Amino acid sequence: MRTIDWNDESKSVVMIDQTLLPVELNVIECKNLASLCEAIRSLRVRGAPALAAAGGFGMALAVTLSSANSMEKLLNDLKVAASTLIATRPTAVNLAWAVNRVLKATEDSYDLESIKDIVIFEAIRIADEDVKINKAIGKYGQKLLDDGDTVMTHCNAGRLACVDWGTALGVIRSAVEKGKEISVIACETRPLNQGGRITTWELMQDNIPVKLITDSMSGHVMRQGMVDKMIVGADRITQDVVFNKIGTYTHSIVAKEHEIPFYVAAPVSTFDPNGWEDTVTIEQRDADELRYIGDVQIAPKNVDVYNPAFDATPMENITALITEKGIFEPPVLIDEILM
Ligand SMILES: CSC[C@H]1O[C@H](OP(=O)(O)O)[C@H](O)[C@@H]1O
């Protein structure tokens, strides 16, 4: 099953609820925009490419549920839905990219029904394209991995961060498909443990050897010579930095210190050519994500907390960007990649 998909019979969004992994594999159905936005904010669905699909399907929900009786009113309903969806998570550019791509597609509409058809068609196209794009990222990226490599990764940039296959883990899957023996060291990725909960689960499902470590162990593990390469996903790539899950920047510094190649795998829909580090909003998340794990309190209830979801890794710490268009070594003009 895909991470997220459109059920055209029930006109709803179906997805794996990632907050329950690895304990439970549960599929949920979102039948309205409010429940989909809650799922995005709660990270039931998460990961930049998966958020793009969620954004597209959110527009499909909006157009299906609208009671507008004119094109003007329906297009206005879609603009309101677009703003609502984009506001759910500000850092991953893919969400806004997908929502705006669906909105733009409606420029070809000529009546109410055509708007509905165009929106649903474009949302499905975004999801279908994601799988093909990730396979292309894997095809290029696997050339960078050698038989016998141990590859460290952070957070989850696997099929559960996408519609399917994955970006960073997609590169690893593609290398394994080529017959290369790859083992993975997964950083647990506090506070929500996408690495410990989701990456390990995904890789064990595929019988790819994986070892779980805490984020704070990464320096020691690299200094011990246990890591050959590091590969991560991305949420937004600007002219000067890569925004990715909090902790990525730290790993990049240690990798550079130990001359370990540091790769970022992402579709070009993650690129923001107009963006710079100081123009991007880093999502600040709820303090209780650090005070509790589930219902278990692990810090004082009233302790002050700082909980940024992402950090910025400068291009000079990155060995190569792996995209569906090929491999690009910084310094590189983002505009060239997007040409
Ligand atoms: C393939 S992009 C995955 C990217 O998204 C994750 O963030 P979140 O789990 O908060 O959506 C993380 O930054 C991953 O690298």
Side-chain angles (χ1 to χ4, degrees), residues 2-4 15-19 21 37 39-55 88-98 127 130-131 133-138 141 151-173 184 186-199 201-202 215 230-237 241-252 262-272 280-286 289 307-313 318 321-324:
R2 287 180 165 186
T3 300
I4 183 170
M15 67 178 72
I16 292 170
D17 181 349
Q18 298 187 38
T19 61
L21 289 173
C37 288
I40 293 170
R41 276 193 296 271
S42 308
L43 276 69
R44 298 183 199 282
V45 58
R46 38 112 341 246
L51 292 177
T88 55
R89 297 198 72 195
T91 308
V93 69
N94 311 59
L95 175 55
W97 165 82
D130 180 65
V131 185
I133 286 167
N134 294 338
K135 292 278 189 166
I137 292 170
V151 180
M152 182 183 282
T153 190
H154 187 64
C155 198
N156 172 257
R159 61 169 172 268
L160 284 154
C162 303
V163 174
D164 204 342
W165 197 249
T167 53
L169 296 196
V171 167
I172 290 168
R173 285 192 171 99
V184 178
C187 298
E188 66 177 350
T189 317
R190 286 281 292 144
L192 296 180
N193 290 37
Q194 289 92 322
R197 293 187 301 109
I198 303 172
T199 291
W201 182 82
E202 271 197 42
D215 304 329
M230 183 147 195
I231 188 165
V232 297
D235 290 85
R236 186 186 293 247
I237 302 174
V241 297
V242 170
F243 286 93
N244 197 52
K245 183 52 54 194
I246 190 76
T248 303
Y249 170 56
T250 311
H251 295 321
S252 78
F262 189 93
Y263 301 123
V264 174
V268 296
S269 56
T270 309
F271 286 72
D272 173 9
V280 174
T281 301
I282 290 183
E283 177 187 358
Q284 302 298 317
R285 291 192 62 87
D286 191 291
E289 290 181 355
N307 185 14
F310 303 101
D311 60 21
T313 298
I318 294 165
L321 300 166
I322 308 166
T323 77
E324 67 274 30

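Since we're looking at a predicted model, the values are computed, not measured. Order of listing sets the numbers, starting from 1, for every ligand and every atom in it.
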Mark the output for Val232 as yes if a heavy-atom distance to ligand 1 is under 4.0 Å, and as no if none is. no

Closest heavy-atom contact between Ser252 and Thr313? OG-CG2, 3.4 Å

Proximity of Ala234 to ligand 1 by residue part, where a heavy atom lies under 4.0 Å: backbone

Please work out, at 4.0 Å between heavy atoms, whether the side chain, the backbone, both, or neither of Gln194 comes within that distance of ligand 1. side chain

Pair Leu160-Gln194, side chain to side chain contact (heavy atoms under 4.5 Å, CB included): steps then yes or no: CA-CA 10 Å; Leu160 284 154; Gln194 289 92 322; over 6 Å; no

Closest to atom 10 (O) of ligand 1 among Glu283, Lys245, Arg285 (heavy-atom distance): Lys245

Using a 4.0 Å cutoff against the non-hydrogen atoms of Ala48, which atoms of ligand 1 qualify? 2 (S), 3 (C), 5 (O)

Out of all atoms in ligand 1, which are within 4.0 Å of some heavy atom of Ala157? Include the element for each. 1 (C)

Does Thr189 have a heavy atom less than 4.0 Å from any atom of ligand 1? no

Looking at atom 1 (C) of ligand 1, what's its closest protein heavy atom, distance included? Thr167 OG1, 3.2 Å

Who's the nearest protein heavy-atom neighbour of atom 15 (O) of ligand 1, and how far? Asn244 OD1, 2.6 Å

Residue, atom name and distance, where the atom is the protein heavy atom closest to atom 12 (C) of ligand 1: Cys155 SG, 3.4 Å

Could you find the nearest protein heavy atom to atom 6 (C) of ligand 1 and give me its residue, atom name and distance? Arg46 NH2, 3.7 Å

In short, Leu51 meets Arg46 closest at the heavy-atom pair CD2-CA, 4.2 Å

Report the part of Leu51 in contact with ligand 1, treating N, CA, C, O as backbone and CB onward as side chain, heavy atoms under 4.0 Å; options are side chain, backbone, both, neither. neither

Quick one: does Pro49 get within less than 4.0 Å of ligand 1, heavy atoms only? yes

Contact check, Phe243 vs ligand 1, heavy-atom distance below 4.0 Å: no

For atom 13 (O) of ligand 1, the protein heavy atom that lies nearest, with its residue and separation: Asp235 OD1, 2.5 Å

Residues Asn134 and Thr167: side-chain donor-acceptor under 3.5 angstrom: no

Is Asp215 paired with Arg190 through a side-chain N to carboxylate O contact shorter than 4.0 Å? no

Any nitrogen or oxygen of Gly47, side chain or backbone, less than 3.5 Å from one on ligand 1? yes

Among protein heavy atoms, which lies nearest atom 3 (C) of ligand 1, and at what distance? Asn156 O, 3.4 Å

Min N/O separation His154 to ligand 1 under 3.5 Å: no

